Structure formats: C-alpha cells, structure tokens
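Following: one structure in structure tokens, then a few remarks.
Every value quoted in this text rests on a predicted model; they were computed, and no experiment measured them. In this chain, residues are counted from 1 in sequence order. All ligand and atom numbering here is 1-based and tracks the order in the structure.
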Amino acid sequence: MKLDKTTIDKLAEHLENCELNARDTLKITDDHPDMDWDDAYAIQDEIRRRKIARGTRIAGLKAGLTSFAKMKQMGVETPVFGFVTDYGAIPDGGEIKMKELIHPKVEPEIVFVMKRALKGPGCHIGAVLAATDFIMPGIEVIDSRYRDFKFDLKSVIADNTSSSRFVVGGRIKVADAVDMRTLGVVLEKNGEVVALGAGAAVLGHPATAIALLANHLGARGEEIPAGAMILSGGITEAVAVKSGDNITLRVQDLGSVSCRFV
Ligand code: 0L1
Ligand code: MG
C-alpha cells in the first residue's frame, strides 16, 4: 500500500460526503497518483465501515464494468467490485429522487441470490451455479461522484464503483431453469427501447462475474456469504436519466422491473 491510514480515512470521508450531499469531485488519483489497488479497496472498505457504524445495512454486493459495452464506454479493461446499501434499495415501480443524486445512469443487470457461501480462489461458473438460490432482473442506478464520470479504475473502486440505487423484482428463476447467456434484456426509457442485449455480454456468462467476485474476496480472506444478493454487472452501456424519466427493464422469462426519476 502507498497511502497511510490517515489519508485513506480522509479520502473515504471526502468521497462519502460527496455521495451523501450529491456533490461531485475530481478523481482522487489527481492528488494521489501513486495509490495502488489495495489503497483503492481500503478506501472503499472505510466507506463501508463508516456506513455500518451509522446503522446502514449492506444490502448486497456488486460487480461492475463486466461487459465489453461498459468497459468500452468507460475506457477500462478490468471488472471492479463494490457493495449496495439498504437506503439504495428502491421498490419495484418506486421513485428515485434526482435531488439526492449527481448525474445518475441506469444499467440492466441479472441479479443473483446465493443459497450457499462461495469462496475463492478457484471459483468457477459451475460452483456459482451450484451455490445460486435464484436469479432475478435488476436495474442498477450508478452515480459516480467524479465530475462528468471522468475517472480511472482506482478512483472508481475507492468510490464504491459508483454504487447508488437499485431496483430488483420481476420473476425469480432457479439458475438451471434458464440459459443466462441467451437471456434477452430490453431497457426502455419513457416507453422507447434505449438499450438491448443478452446475458452473454457479461463476460460470456453472468455467473463468471460472481466467480470473479468470489476469487477477488478469497484473495482478501473474505467470501460471498450465503444469502447474499449480487448485481452481476450492466449488460449494455449505462443510459443517462433525468427527472421525469420512467425506466422499465424487461428480461426474457423473468418479467420486468421499473422505476421513475422525480
Ligand atoms: O456498475 C458498474 O458497472 C459501475 C462501475 C463504475 C464505473 C461507472 O460509473 O460506470
Ligand atoms: Mg452495474
């Protein structure tokens, strides 16, 4: 690690305050060009610790930048991992307040709920499918704290991978009831199709994102706990939204979920 604990705590406080006050900032690597991957995850961990200390519950985990569309959109080449919170959970059909956010975008995702814990290294798609309780559709609302979404990978990891809000619901399916690679998704904004794709856009198979998360946590002596909900990553590029927009995600065989920005 390149940063000392005081700097990590200071950066975590800064980024979390930006989130809570809907204020943007410049990417933190501008002032800390030498920070490494461990520093980045240590800042994210400190944000998580601060939230838990205030009574926030961690609602689930997420993999981000797992599709080629998103990697291309953001100019990066590696997935990233973060967490979602209880206050980020929006009921299906619910309202999302723009004034609490900076510049939100929506992503269509396949969401996994695990029946058994998963621990890397060596975790693969087979282990993920065997440990999955069910899958369901989810809309992730990302809201990078960085001005104009201008960041690098380390800055994004520190910023809890732009985690903000999420909507899950629709119809659940056990993992072996669907071929997640050919699962079609259609994202609509105000009734118009704005993005579409299939599950294979996420690393060839969305379960790969969960395996990578288990291996990432395993390398840090952690695991995906039984019962965890995990957002496996946007299947298409992220779509910007504004107040008044209605978003609906339709997933083949898994129904739909929606939300409204007000
Ligand atoms: O969930 C995601 O793919 C977001 C990763 C962070 C980068 C971004 O803000 O798009
Ligand atoms: Mg996402």
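The tally of protein N/O/S atoms under 2.8 Å from the Mg ion (ligand 2) stands at 3.
Atom 10 (O) of ligand 1 has Lys70 NZ, 2.7 Å as its closest protein atom, hydrogens excluded (heavy atom only). The protein atom (non-hydrogen) at minimum distance from atom 7 (C) of ligand 1 is Phe151 CZ, 3.6 Å. Nearest non-hydrogen protein atom to atom 9 (O) of ligand 1 is Ser162 OG, 2.5 Å. Distance from atom 3 (O) of ligand 1 to its nearest protein heavy atom, with residue and atom name: Leu65 N, 2.9 Å.
For ligand 1, the polar-atom distance check finds no N/O of Ala63 at less than 3.5 Å from any of the ligand's N/O atoms. For ligand 1, none of its N or O atoms has an N or O atom of Thr161 under 3.5 Å away.
Ligand 1 places these atoms under 4.0 Å from at least one heavy atom of Phe149: 9 (O). Taking a cut-off of under 4.0 Å to the non-hydrogen atoms of Val156, the atoms of ligand 1 that pass are 6 (C). Every atom of ligand 1 is numbered from 1 in the order shown, and the set under 4.0 Å from a heavy atom of Gly64 is 1 (O), 2 (C), 3 (O). Listed by number with element, the atoms of ligand 1 under 4.0 angstrom from any heavy atom of Lys62 are 1 (O), 2 (C), 4 (C). Interface of Ile142 with ligand 1, defined as ligand atoms under 4.0 Å from a residue heavy atom, comprises 1 (O), 4 (C), 8 (C), 9 (O), 10 (O).
Between Glu19 and Lys51 a salt bridge is recorded (basic side-chain N to carboxylate O distance below 4.0 Å). Between Lys154 and Asp152 there is no salt bridge, since none of the side-chain N atoms of the basic residue sits less than 4.0 Å from a carboxylate O of the acidic one. Ion pairing between a basic and an acidic side chain is recognised when a charged N comes within 4.0 Å of a carboxylate O; Asp45 and Arg48 show no such pairing. Ionic pairing of Lys10 and Glu13 is not present here: no N-O contact between side-chain nitrogen and carboxylate oxygen is shorter than 4.0 angstrom. Note on Lys2 versus Asp34: no salt bridge recorded, every NZ/NE/NH1/NH2 to OD/OE distance being 4.0 Å or above. Looking at Lys72 and Glu237, no side-chain N of the basic residue comes within less than 4.0 Å of a carboxylate O on the acidic one, giving no salt bridge.
By the criterion of a heavy-atom distance under 4.0 Å, neither the backbone nor the side chain of Gln73 is placed next to ligand 1. At a 4.0 Å heavy-atom cut-off, ligand 1 touches Glu140 through the side chain alone.
Partner Glu16 forms a salt bridge (Lys or Arg N to Asp or Glu O under 4.0 Å) with one of Arg145, Arg23, Arg49, Arg50 and no other, that one being Arg50.
Side-chain atoms of Ser67 come within 3.5 Å of backbone atoms of Gly234 as a donor-acceptor pair (strictly under, hydrogens ignored).
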Next on the checklist: Between Val239 and Leu187, is the side-chain contact (heavy atoms from CB on, under 4.5 Å) condition met? List the steps.
Outcome noted: CA-CA 9 Å; Val239 173; Leu187 187 68; 3.9 Å; yes
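Relative to the six-membered ring of Phe83, Lys62 misses at least one condition, a distance below 6.0 Å or an angle of at most 45° to the axis.
With hydrogens and angles left out, the side-chain atoms of Thr56 and Thr85 include no donor and acceptor closer than 3.5 Å. No side-chain N or O of Thr7 forms a donor-acceptor pair with one of His32 less than 3.5 Å apart.
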